[in-house]
Amino acid sequence: MKEGITAPPAEAGDTLTRLEQEGEIAADYLEGLLDIADLDGDIDMDVEADRAAVSIVSDGDGRDLKKLVGRDGEVLEALQELTRLAVHRETGDRSRLMLDVAGFRANKRAELSEIGAEAASEAKSSGEPVKLKPMTPFERKVVHDAVKAAGLRSESEGEEPQRFVVVLPA
């Protein structure tokens, strides 16, 4: 390279390629898991909000896949962490991959967005902060996004696992 000339900045395509690679690694890992557990499911991959998103979906009623969700998504959370570790082992980079099984997270996201919008509306009309019940980091993030979309501010308070969102009036 000549002196005074710098390399072009990393392309957005580089990030997209890296996230697609994360999705591929995660899909391979999850397909192996499905085979071991003798569960039927298809893997869908996407890139959403600068993170790889992988979903395990079923053509049928998905009852078998619900075992991978567990009570309140506890098994899904653990499976997501294991999948992130598998990606980290292959790439050497920390992954922010999001995993969904049988539409659990998608349904939860819609429900939490509604909770955030309702809390924002309550804070606007009452002029008082609205405290919500304790939530996981994923749940809090969705609520914070919904509150921001409603034009208000929110913050998390407390310590895990009792950390919760407070919606602040304007």
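Worth saying up front: this structure is predicted, and the values here are computed from it rather than measured. Residue numbers start at 1 and run along the sequence shown.
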Practice problem: Look only at the side chain of Asp100 and the backbone of Phe104, and say whether a donor-acceptor pair between them is shorter than 3.5 Å. | Solution: yes

Quiz prompt | Backbone of Ala150 reached by a side-chain donor or acceptor of Lys124 within 3.5 Å | solution = yes

Quiz item: Does atom CD of Glu160 have more than 12 heavy-atom neighbours from other groups under 6.0 Å away?
Solution: yes

Quiz item: Do Lys131 and Phe164 pass the side-chain contact (heavy atoms from CB on, under 4.5 Å) test, and can you show the C-alpha distance, the side-chain angles, and the key distance before you say yes or no?
Solution: CA-CA 7 Å; Lys131 293 182 180 181; Phe164 59 94; 4.0 Å; yes

Self-check item: Asp38 atom CG, neighbour heavy-atom count above 12 within 6.0 Å
Solution: no

Quiz item: Which residues satisfy the salt bridge (Lys or Arg N to Asp or Glu O under 4.0 Å) test with Glu48, sequence neighbours excluded?
Solution: none

Self-check item: Backbone of Ala117 reached by a side-chain donor or acceptor of Ser121 within 3.5 Å
Solution: no

Quiz item: So, Glu139 and Lys108, do they make that salt bridge, N to O below 4.0 Å?
Solution: yes

Quiz prompt | Of all pairs that satisfy side chain to side chain donor-acceptor pair (under 3.5 Å), the ones with a partner from residues 73-88, not counting sequence neighbours | solution = Glu77-Arg105, Gln80-Arg105, Glu81-Arg84

Exercise. Could you tell me the separation between the CD atom of Glu122 and the CG atom of Leu132, rounded to the nearest 0.5 Å?
Key: 8.5 Å

Quiz item: How far apart are the closest heavy atoms of Val130 and Ala123, and which atoms are they?
Solution: CG2-N, 3.7 Å

Practice problem: Output yes when Glu22 and Arg18 qualify as a salt bridge under the 4.0 Å nitrogen-oxygen rule, no when they do not. | Solution: yes

Quiz item: Closest heavy-atom contact between Leu65 and Ala102?
Solution: CB-CB, 4.1 Å

Self-check item: N-O pairing of Asp145 and Lys141 below 4.0 Å
Solution: yes

Practice problem: Walk me through it: do Val75 and Lys67 pass the test side-chain contact (heavy atoms from CB on, under 4.5 Å)? | Solution: CA-CA 8 Å; Val75 175; Lys67 295 174 188 174; over 6 Å; no

Self-check item: Value rounded to 0.5 Å, distance of CG in Leu34 from CG in Asp40
Solution: 8.5 Å

Quiz item: Is there side-chain contact between Glu31 and Ile43, with at least one heavy-atom pair below 4.5 Å?
Solution: yes

Self-check item: Atom pair CG (Leu30) and CG (Leu39), whose distance is rounded to the nearest 0.5 Å
Solution: 11.5 Å

Practice problem: Can you measure from CZ (Arg163) to CD (Glu157) and round to the nearest 0.5 angstrom? | Solution: 8.5 Å

Quiz item: Hey, what do you get for CG (Leu85) to CG (Leu97), rounding to the nearest 0.5 Å?
Solution: 11.0 Å

Exercise. Might you confirm whether atom CZ of Arg153 has over 12 heavy atoms from other residues, nucleotides or ligands at distances under 6.0 Å?
Key: no

Self-check item: Sidechain-backbone polar pair: Arg140 side chain, Met135 backbone, donor-acceptor under 3.5 Å
Solution: yes

Quiz item: Ile25, Leu79: one ILVMFWY side-chain cluster at the under-4.5 Å cut-off?
Solution: no

Quiz item: Near Asn107 CG, under 6.0 Å, is it more than 12 heavy atoms from other residues, nucleotides or ligands?
Solution: yes

Quiz item: Distance-only, no hydrogens or angles: does the Ser55 side chain make a donor-acceptor pair with backbone N or O of Val57 under 3.5 Å?
Solution: no

